[in-house]
Every structure is written in structure tokens, then in C-alpha cells.
Amino acid sequence: MAQAKKAKAAEPTEKFDYEGNPLPDLPDLSWMGNTFQWGTKALPERYGGGLTLAGINIGIYGDIPEHIPHRNRLPRGAVPVVSAGNIGGYYIQDKYEQWAESSPYLYEEGISRRWSTATDIPWETGRGLSDDVEVAIAQVATELSNWGSVETEVVSAWLQNLSPGYHEVKYFLSTAVYDSARIEEGYRKRALLNGAGMMLESPGRMNRACLESYGSWSNTVLFMWILRGSLMQAIVRYLSVYGPTEADRELAFRILPDIMRKSAYACDHIRFAISKKPELTTVFSAGLTVAEFSQLSDFNDSVLWEALAIIFGDGVENMDQGMETVLELQQYFLETYIDKCNQANLGRETQIRSGAWAGILMGVPITGHATPDEMRAQVAAIMQKNSGKK
Amino acid sequence: MATKSKANTAAPNTFEQLLDYGKNNGYKLDWLQQRETFGKELDAPTDGGGLLLQDIDSGPFAEVPEWTNNVTGRPRGALTRPSAARIGKYGIRTKADVWLKNGAQLYEEAVQRQWSSATDIPWNELEELPDEIEQAECQLATFLTEVEFVAGDVPGRWISETSPDYYEPRMFLISQIMDEARHADVFRKRALANGGGLLQQNSSAALAGASIDSARDFTEMSARLHISGEGLVLSIFRMGERMAYNNAEKAIYRLAASDESRHVAFGVMHLQYVSQTDPERSEEIHSYLDEIELGLVAGTGGQNPAVRGTPSNAAIMTLLGGGTDEASLREGEQIAGAVRQRQVKEYIQRIKVAGFGDRFTNGRAAAGLTEYISA
């Protein structure tokens, strides 16, 4: 029990509430017993997982309503007070607009996997590259840092609009924005490690699509964590294997699970939204069609691909070999994207396999070096060769 | 792995030759250039602290502009693309509006001190408490889980308002969002882990949000949130040893206080930067402090759980006094008074450090503050 040590200080004898109304001599205890459910006793997990966010969703506190009527910070399950009123923001009040069943688990997972770019990366191993590879990794790092920065801007700006009634989502997104910040600063550290520095900024069309996806949080999730996220996953995954130094591989290896948690939330959320409102399939598909054009536009910028080709080929003189790995990466991106869309119950396979992206899957990368006519000719040649084989 | 010797022995043996070689093979490579810092390796960290944000910037990357025209969202020091869209809707493009001297240090400190509400709190040491004590714990936890949303969501809005040329304060604010989510989470867990439940919403919590929420200037917001709101809550957390009834609660208050002290430090250091670099704002800042002190004395704003007449205050009195009988409540009230006194003293000290201490000697500060100090 708290020790009631006598305090020397005393409050002024006249007592008033915060509005200046006189107060009774002893405090009002009428709030006691004012609860929707008493006797709640959530228990820690049995095998060391601790007391988790999912673990406290018991009784009425585990009831996730379809709609939160309050536009203030009422904790879900607490007794509302009329005088609390409404405050700005928090207009995303429906479950289908933000919910994912996995969010409390992803939140705890994000916390349990906490790490530091300062101390968990063997930076001393990131030395000794040839000048061209060092500049190339700095260029890729600049691009990824730029993407991480955009993610932090996008997610943090949405937080004020997402109802605290779905606190599991809000908490998960807090870990997500923190993870994105780590991408931003981790790759900044990499770019500056050997003095190459921050290189050319991102072409930015996809950044723009993410930032301007203000129509709904779901659209943002689709663009940023399913479409762009698939590309980021592909690049970071390849860097975790083909990164030129141990430091590069370890940095990518550490970031990859952070990306995957955001991807898991995104797929889970979109699937949930569609399960509640099937008509959203059309809305989401239309949005993705536009966003895919932005992504395609970025693909036609050669900078990122040339930098990756130098890294994968171990130098400018081996860029042709490096470009073969770039093609694999682009194919991996598209297959990942198709898989995520399927997982989200939002089929995009037909559009991807038959549209502007199809050339990549057939073996013609989009890297900004060939004109559309040249790429079409390459695709036609591949098709002819394949039909001849048959 | 590529090595430096490779470039020297390969056919194209200088950087320029490499460029020519690549261009002759159909590549553009117009981005492949050595910047002025090329080859200047960062010192390998030797003290165990790792490669810290505050240690990496040099040359153009370390130049934090007093005013920035970076509206494309490019990382500070990156080379520009003429075609880049102006996608950054940055209201904060002036350094003094958001800067502090140790933003990077506070961010790295936050990263090192992350903790888990699931596994770093000894939940199995919670013990069954008398019903009135459990109710008080749960009412205070309900209050705290609610107000922590303020401290997470409001900084979030300002991150996207701030140019990435000032990325250090942005990084810190992101770490704060993470911290506040964990605080909201841990107090909810406390309310639901020991046979209790959530109680009633704080009637004035939304009002608190309104004043912090409605600030149209970052420095005003920071003074209200970091120095006033979080400063007051920090004083409460620091009384955790007295309010706690078991090791689990002690751990909660101790860990939350550690986070909260960083948030307060951010506010103090930012205000100090403003006082040192933008003295023309002095009168404006004092006017914010006038309002803040009114809230501190009269208890308006709803940020302070120790303010009289609120359920959270009654809960604190119950916890400090050990019960709801008259003697216990009076004892709790006395200790709560000491908490209020401590809040005021700590507030005054923070404002002095921030460079606005003259208000306490020239008669500008709220008269009620001295009542608390002298009580």
C-alpha cells in the first residue's frame, strides 16, 4: 500500500473545480462503480508472451463495434461523458474503414522485434567498396530513405482521423510509422557511411500517389503498402541477399520483417473492408489502376535500376549481368504484388499479366533504357521464340 | 564483394572511364557522380553507442537551412530533380519554428529505451486490491489511456507539416508517437488486468485536446503539449512509487516517466531554441504561457489528473491516502497538494531553462503559482 507520508504542503483552503465552482470538503466519489463491466481479469500468456493487447480483449472490452459514434478520445468500453463533446478529426468512425483482425498481434510483434540502426548493424563491415558500387548503394539508400520519409508523413497524418475506438489499429500504425522512420534514418546512415552521401532524390510519382491518396485510408494502404510495399519488399529482399557488404545485407535483413508487418496489415484490412462492403472491390481496383500508372512511370526512370544493376553486377563493367538480377527483382515484385492482391481478395492478376507490366513477366525489364516500341519488339521476339519452341 | 582494388585492376580503371564504359554500353549513368564528401568515411563507433544520427551528417548534409524551399520531400542534402512534383505540404519551412539542438540525441535515446508493455511489466505481481483502491487505479488508468491519445495524434499531424530538411525533430516526434501508443496500451492493460475495468471518460479531456489540438503554430502546440500537459503528467508518474500498490504498477510509472521526460525535454529544448534565435517571438510566447499558467492554477484544460473536482483527482487522493474514509481522503488530499506543488515547481524550472524565466521575477507569471509554491 502506498505510504501516506504527511506532506508539508497544503492546498489553499477554499476549494473549486476547474470551472471555478465551489467544491465539497471531501471529493465526489460518484464515479465509483460507473463502469460497463467490472471484474475483468485479463491474464498474461502462459508461455512468456506477456499480457498482450489481444489478451485484454475480453468481455465487453473485446466487442469491436461496426461504428464508433463518438468523435473524441473515449477509450473503447469506458463510460462516455456527454460534456466531452466532439473534437476535430476522428472522422473515420467505421470498422470497415480501418480494421484488421491482425492489428493487435502485429502491434505486439512490432514491439517485440524492436531494434536499433545505431547498434544492431555491423557498420564497420560496410567499408572497402569500389567507388562505383559505393555511389550506387548510396543512390539506392537515398531512394529508400526518401520512401521511408514519405511513409512517415502519410501515416502520421492519418492518425488524427482514425477513431481511438479502434485503438488496436492506431497502436499498430504507431509501430508502423516508427518502423518507416527507421528505414529513413537507417538508409541515411548507409548513404553517409563512407561519404558518398545522399544522391538524387526520388522521381516521386509513386510518392505523390501515396501522399495524395486522401480519399480513404484504405486507398492509402493499397497504394503504399500493397503496391509500393511490394516493390520495397522486393528491393530490400534482394539487398538482404546481394547487398555488397555485410552491413548492407544486415540492414536489409532487419528491415524486411518491418515491411512484412505493414504488408500483413494491409492485406488483412483490405480483405476485411471488401468482406463488409463488396462494392469496394470496384473502387479499390480503379484506384490501383491509377496508382499502377504512377508506379510504372517511376519504373521508366533509369536511376534506381542502374544503381541496382551496379550493385548486383559488382561494378559498372558488369551491369549487364546486374540487369539480369534487376529483371528477376522486377518479376519478384510483380508476383508479390499479385499474391498480395489475391490475399486481399482483390484480384489484379489479369490486369498485370495482360497490361503494361506483362513484358516484365515475359522477360523484358522496364528500366528506362528502351522506348515502348523497342520493348514491344522485344516482347514480340520472346513470344515468337516461345511459340517456336512449342 | 567488390573491393577498392578491383576498380583499380579492371579495364576501366578510373571513375570517369567507368562512366564512359557504361555509357558506351547503353546506360545513362547521369546520376553516377562523386559528391564533395566522397571518401570521407565516418569514424567507426568505438564506445558501444553505435552509429548515431547526430554523428553522421557532414558537408552539405549537415547544413540545416534557416529557411527551406524543399517542397518535394527530398532528404536533406539530396540532389534535386527538376521534374519532381511539389508534394510536400509543409507549413514548417523555417528552422526556428521546429528546431532544437538535441533532436537527434533524443531520438536515439528513445530508440534505445523502447520497452514492451506485454513483457517488461511484471503483471504476475498484481495483487487483489480493496475494491475502492482498484476502482481508483482503474479510474486513473482510464484517464491516462484517454489523454495519451492526445500526445500521440497531435504530434503526428505536425510531422507531415514539417519539411524533411528538419528531419531530426520529425524523427523524435515519431518516437513520441510510438511511446504514447505504448502508454495508452499499458494503462488500458492495467485497467483490465486485476479484476476491474474501465470507468468513466474524463469530462474535460476533450477540452484539453481542443486546446492542444487547435494550436496553429508548432511552438504553441509544443509548449501546451510537451511542457504543460506532459510535464504535469510526468510529475504524476514520478509519484508512482507512492501511488503504486505493487511492482507491476511501479514498473509502469517508472517506464512511462522515462519516456515522458524525453517528451518534456523536447519541448523545453525547442522553446529554448526559439528564445535564443527568435527573440522577436518573446511576447507571443509569453502570451501562450499566460494561458498555460491559467490552466495550471485554475485547472482548466483537463490535462492535469491532479486537478481538484475531477474523478482522476479523487482517484489520486484515494490511492495516496489508501482508502475512501475521511481520514484517508484527507491524508491523500495533503499528499496530492504536494504533487500539485511539485508540478508547479517543475513547470517554473522548465520555463526558466527555456529562457522565459523573467516572467517569474517581473510579475508576469500567474499569481496563483506563488500560492502553490509558498503553501
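FYI, side chains are in, hydrogens and waters are out, and symmetry mates aren't considered; it's all heavy atoms of this structure.
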Any donor-acceptor pair under 3.5 Å linking the side chain of [X] with the backbone of [Y]?
X         : Y         : result
Thr72(B)  : Ala84(B)  : no
Ser180(A) : Thr152(A) : no
Tyr61(A)  : Gln37(A)  : yes
Thr142(B) : Cys138(B) : yes
Thr37(B)  : Lys40(B)  : no
Asp131(A) : Phe15(B)  : no
Arg35(B)  : Ala196(A) : no

Flag the one option from [options] with the top tally of heavy-atom pairs under 4.5 Å to chain B.
options                                    : result
Ala157(A), Gly89(A), Pro164(A), Ala191(A)  : Pro164(A)
Asp320(A), Ile56(A), Leu159(A)             : Ile56(A)
Pro44(A), Gly50(A), Gly195(A)              : Gly195(A)
Asn207(A), Leu51(A), Val79(A), Thr35(A)    : Leu51(A)
Asp28(A), Ile111(A), Ile60(A)              : Ile111(A)
Gly204(A), Ser145(A), Ser149(A), Ser112(A) : Ser149(A)

Interchain contact, [X] with chain B, by part (heavy-atom threshold 4.5 Å):
X         : result
Glu168(A) : neither
Leu26(A)  : side chain
Ser202(A) : backbone
Val135(A) : both
Trp38(A)  : both
Leu192(A) : both
Leu193(A) : both
Glu306(A) : both
Tyr90(A)  : side chain
Glu184(A) : side chain
Arg208(A) : both
Leu43(A)  : neither
Trp115(A) : backbone
Ala307(A) : both

Tell me, side chain or backbone of [X] under 4.5 Å from chain A's heavy atoms, or both, or neither?
X         : value
Glu161(B) : neither
Glu36(B)  : neither
Gln112(B) : side chain
Asp55(B)  : neither
Glu134(B) : both
Arg170(B) : side chain

Option in [options] with maximal non-hydrogen atom pairs under 4.5 Å from chain A:
options                                   : value
Pro311(B), Ala85(B), Ala314(B)            : Pro311(B)
Asn194(B), Leu29(B), Leu173(B), Val186(B) : Leu29(B)
Thr119(B), Asp30(B), Asn25(B), Leu51(B)   : Leu51(B)
Pro60(B), Ala315(B), Gly332(B), Ser328(B) : Ala315(B)
Glu148(B), Met317(B), Gln139(B)           : Gln139(B)
Arg76(B), Glu326(B), Glu180(B)            : Arg76(B)

Ionic contact status for [Y] with [X], cut-off 4.0 Å:
X         : Y         : value
Asp120(A) : Arg182(A) : no
Arg188(B) : Asp185(B) : no
Arg182(B) : Glu108(A) : no

Roughly how far, to the nearest 0.5 Å, is CH2 of Trp115(B) from CG of Asp120(B)?
-> 7.5 Å
Do the ring planes of Tyr107(B) and Tyr178(A) sit parallel (below 30°), tilted (30 to 60°) or perpendicular (above 60°)?
->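 Rings of Tyr107(B) and Tyr178(A): tilted, as their planes differ by 30° to 60°.
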If you measure only the distance, is there a donor-acceptor pair under 3.5 Å linking the side chains of [X] and [Y]?
X         : Y         : value
Glu201(A) : Thr142(A) : no
Arg127(A) : Asn194(A) : yes
Arg157(B) : Gln160(A) : yes

With sequence neighbours excluded, give me every salt bridge (charged side-chain N to carboxylate O under 4.0 Å, His left out) pair touching residues 185-194 of chain A.
->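 Qualifying pairs: Glu134(A)-Arg190(A), Glu185(A)-Lys189(A), Arg188(A)-Asp57(B), Lys189(A)-Glu108(B), Arg190(A)-Asp248(A).
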With Pro203(A), which residues qualify under side chain to side chain contact (heavy atoms under 4.5 Å, CB included), at least two apart?
->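 Pro203(A) satisfies side chain to side chain contact (heavy atoms under 4.5 Å, CB included) with Glu143(A), Arg205(A), Asp298(A), Asp301(A), Arg81(B) once adjacent residues are dropped.
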Would you sort out whether Ile56(B) and Phe61(B) count as a side-chain contact (heavy atoms from CB on, under 4.5 Å), showing the intermediate values?
-> CA-CA 9 Å; Ile56(B) 62 170; Phe61(B) 315 108; over 6 Å; no
